[in-house]
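Shown next, in structure tokens, is the structure this report addresses.
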Number of protein chains: 2
Amino acid sequence: MEDTEDLNIIKILIATDTHLGYMDKDPVRGNDSLNTFEEILSIAVEKKVDMLLLGGDLFHDNKPSRWTLYKTMELMREYCLGERPCFLEILSDQSVNFPSNRFGCVNYEDANYNVSIPVFVIHGNHDDPSGDGNLCALDILSVAGLLNYFGRADDIENIKVTPILLEKGTTRLALYGLGNVRDERLYRTFLNQKVQFLRPVESPDDWFNLFVIHQNRVNRGPKNYIPESFLANFFHLVVWGHEHDCFIEPEFREAGNFYISQPGSTIATSLTEGEALPKHVGLLQIRGVEFNLKKILLKTVRPFFAAEVSLSDSGIDPHSTDEVRNFLFKEVSSILSEATEARGLEEAGVKIRPLLPLIRLKVEYSGGYTPFNIARFGQHFNDKVANPNDILLFYKRRGFCDPQGG
Amino acid sequence: MEDTEDLNIIKILIATDTHLGYMDKDPVRGNDSLNTFEEILSIAVEKKVDMLLLGGDLFHDNKPSRWTLYKTMELMREYCLGERPCFLEILSDQSVNFPSNRFGCVNYEDANYNVSIPVFVIHGNHDDPSGDGNLCALDILSVAGLLNYFGRADDIENIKVTPILLEKGTTRLALYGLGNVRDERLYRTFLNQKVQFLRPVESPDDWFNLFVIHQNRVNRGPKNYIPESFLANFFHLVVWGHEHDCFIEPEFREAGNFYISQPGSTIATSLTEGEALPKHVGLLQIRGVEFNLKKILLKTVRPFFAAEVSLSDSGIDPHSTDEVRNFLFKEVSSILSEATEARGLEEAGVKIRPLLPLIRLKVEYSGGYTPFNIARFGQHFNDKVANPNDILLFYKRRGFCDPQGG
Ligand SMILES: [Mn+2]
Ligand SMILES: [Mn+2]
Ligand SMILES: [Mn+2]
Ligand SMILES: [Mn+2]
């Protein structure tokens, strides 16, 4: 499939875990999440997609700051409203797809709004509905006509996932979504066979079945994840949110008989190795029941370099703290000069904002070494590194442990 | 002037101090503020006004709950968006009128929104911009295209109030607004002659000059109010927010050479006598430099009855607490039966929601009487009164003291 204006191709930009407002009080990193969100929105406009599909954790905080909420709405109003018509015809019962929507339709069918890029969103664990009227921040954006919030299960013991049925030319898309549910509970509901994925009655095999989910994919303890095999095997593609490592290339999974694309977060919210992978969004093109996904590198993401050293390999006397400090200082300096060099190269090519990098050096210190004050150590790298206070992470090797999802 | 569709008449619904979200956790009174706001919006639609002008304290809390924010936006989307065109042409430089608006225009001129009732709002002391990015809740509604937030002074020491210049047929309106500033500071800025009200250069005398302000009007201590004489004397009408007592009938004030309309709050946020006055909004009609204001009784406002007794007038022995309690019980019961009767009459006439009344009995207890537990006393009136916990207010008469503004 070519990247054309084919009226039988549904074009969807997929992204997840934008964590808007992450560290929004930080003088250096405060705008990172919004900068990248703006990049994603501008890609959506440039690629003339039919839809932007977001896989949860749009916001980092359950109650985003007023500033973050305002800036998010400002960006969405700027990029997602406009004259360009939307070609997706909606065939399903919208009162079922969007039960809490008093206005009875997706935003681009509301005559009072001009929507050029419809945004469809599920909630993640960071921005799920909470006590206050059982609303989430996404509901505010939804009532403002800026997005279409779907996939919310009202009864966790008995979940019916009803697809949004969309048509463009000869292509028909059944879009399934399930906002985050605590993994243990959802695991149990699956075991009890109380998760149903409803299918269109008429010619169900003619639909492209896309599912977006926001759960642990990695096994983080018994029942603390959702095995791929639990999901319905009629899906063509599953977009998996919540896991921050970018494995966006669709991978065929025998267990479920579908492809999985794990876009990963668009901002590093932890300084783990997985978050240091280059971050992407995906341009998904669907024609009939075939698809193709082109990954697009995000250029506004703050550079992040993760490395690891073991002090016992260094040959330094464990009692000579000064020598250890000097050794680590050189290690970090060397990562930093690599980073600076990489940035220079990138800038020569594409226009990239000159951002201070994030650096994380994990320091294995078994063998009698003593950790020291990492904040003081970091002062040397003020104005050179975006995270001077936590460059170093001292640890002792134990068993294997998977990083947390985000 | 008749209530017609005269294309030379600018029709404005004026209201203030809606205090949305006031007591929104209260099981009985939780929806009062939103119910009345919905009534106001439906009057605006019914009267086909060109504008709804709100004089501050739209929200009760600086950070409204998610529920209140959501319901407010839902109501405004329902009542203020629509196909009906707006006839107000804007002649002033909008980037000066709305400096923080990235979209460069009033909501009804934005091609991406269909606005049928433009809402113009200044902030009050309850919903003023605060620390978080120096934004207020009104900014969220503004970026959502639901209202036009104006009258914010950036430099309190040097205030320039620039009018929004609007035209409909032969009528030209200069709309001035000043969001709340701490009274002492604004008083000083006025004294320093650093408050300027700018006027249109061309034929300044052809404009109807309307000013909306949200400050103490009552003298609550030296410099803790704004004397009417401070204001520019070219105004035709001043709409004064913040004072909750309804004195909406325009009153000519020699000191300023203008009329003042004080709409008062649309919900009682304190149980003072002033808040027990019937609550109104005003239908302002302007033709040329003449105006007329018709007050409209709000029918959804919870009935509130305020009364006062002096125990020393009762002849009861100060040591006989039971007798005092019985006496007050009878007093409250008598107010309540009056209230119930009044409600019956109202219901026979116009359709009114059957609301439990608010009752406040002020009890002057000098002369050796002892106050008792008012919450326990109120238990007798659960399910009969909306505020069982604070029906009684024991006090001792001192000097004269003005109630606070709200
Ligand atoms: Mn997550
Ligand atoms: Mn996440
Ligand atoms: Mn006020
Ligand atoms: Mn008020």
Side-chain angles (χ1 to χ4, degrees), chain A residues 21 24-25 30-31 34 38 59 61-84 100-105 107-108 110-117 127-147 149, chain B residues 21 24-25 30-31 34 38 59 61-84 100-105 107-108 110-117 127-147 149:
Chain A
D24 61 2
K25 303 286 182 288
N31 281 316
L34 286 163
E38 182 163 12
F59 291 105
D61 295 304
N62 186 282
K63 301 200 172 178
S65 71
R66 189 176 281 162
W67 174 252
T68 292
L69 186 61
Y70 180 86
K71 295 308 277 185
T72 301
M73 294 174 74
E74 190 175 59
L75 287 173
M76 294 187 77
R77 177 170 167 185
E78 183 171 336
Y79 286 90
C80 303
L81 300 191
E83 290 296 333
R84 186 171 155 271
S100 65
N101 183 342
R102 171 162 177 171
F103 303 97
C105 62
N107 63 346
Y108 63 90
D110 188 314
N112 294 326
Y113 292 94
N114 273 340
V115 175
S116 52
I117 308 272
D127 49 9
D128 62 333
S130 66
D132 190 357
N134 209 16
L135 295 167
C136 66
L138 304 175
D139 284 300
I140 300 294
L141 277 67
S142 164
V143 79
L146 294 171
L147 56 73
Y149 168 37
Chain B
D24 61 2
K25 304 285 182 289
N31 282 316
L34 286 162
E38 182 163 12
F59 291 106
D61 295 304
N62 186 282
K63 301 198 172 181
S65 71
R66 189 177 280 161
W67 174 254
T68 292
L69 186 61
Y70 179 87
K71 295 308 275 185
T72 302
M73 294 174 74
E74 191 176 59
L75 287 173
M76 294 188 77
R77 177 170 166 185
E78 183 171 335
Y79 286 90
C80 303
L81 300 191
E83 289 297 333
R84 185 170 157 274
S100 64
N101 183 341
R102 173 163 176 169
F103 303 98
C105 63
N107 63 347
Y108 63 91
D110 189 315
N112 295 326
Y113 293 95
N114 273 340
V115 175
S116 53
I117 308 272
D127 48 9
D128 61 332
S130 66
D132 191 355
N134 207 17
L135 295 168
C136 66
L138 304 175
D139 284 300
I140 299 294
L141 276 67
S142 163
V143 78
L146 293 171
L147 57 74
Y149 168 38

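Naming: A, B, ... by sequence-line order, numbering from 1 per chain. All values derive from a computational prediction rather than experimental measurement.
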Could you report the tightest heavy-atom contact between B/Arg66 and A/Cys136, atom names first, then the distance? NH1-CA, 3.3 Å
Ignoring hydrogens and geometry, is there a side-chain-to-backbone donor-acceptor pair from B/Arg77 to A/Val143 under 3.5 Å? yes
Side chain from CB out, backbone as N, CA, C, O: work out which of these in B/Lys71 comes under 4.5 Å of a heavy atom of chain A, or both, or neither. side chain
Quick one, B/Arg102 and A/Leu75 - any side-chain contact, counting heavy atoms below 4.5 Å? yes
Can you list the residues that meet the salt bridge (Lys or Arg N to Asp or Glu O under 4.0 Å) rule with B/Asp139, with sequence neighbours excluded? B/Arg152
Any idea which of B/Ser130, B/Gly133, B/Ala137, B/Ser142 has the most non-hydrogen atom pairs under 4.5 angstrom with chain A? B/Ala137
Among B/Leu141, B/Leu135, B/Leu81, residue most engaged with chain A (heavy-atom pairs, under 4.5 Å): B/Leu135
So which of A/Asn134, A/Leu69, A/Ile140 has the largest heavy-atom pair count under 4.5 angstrom toward chain B? A/Ile140
Region of B/Asp24 in contact with chain A, defined by heavy-atom distances below 4.5 Å: neither
Who passes side chain to side chain contact (heavy atoms under 4.5 Å, CB included) against B/Asn107, sequence neighbours left out? B/Val115, B/Pro118, B/Asn148
Heavy-atom closest pair (B/Met73 atom, A/Ala144 atom, distance to 0.1 Å) is CE-CB, 3.7 Å
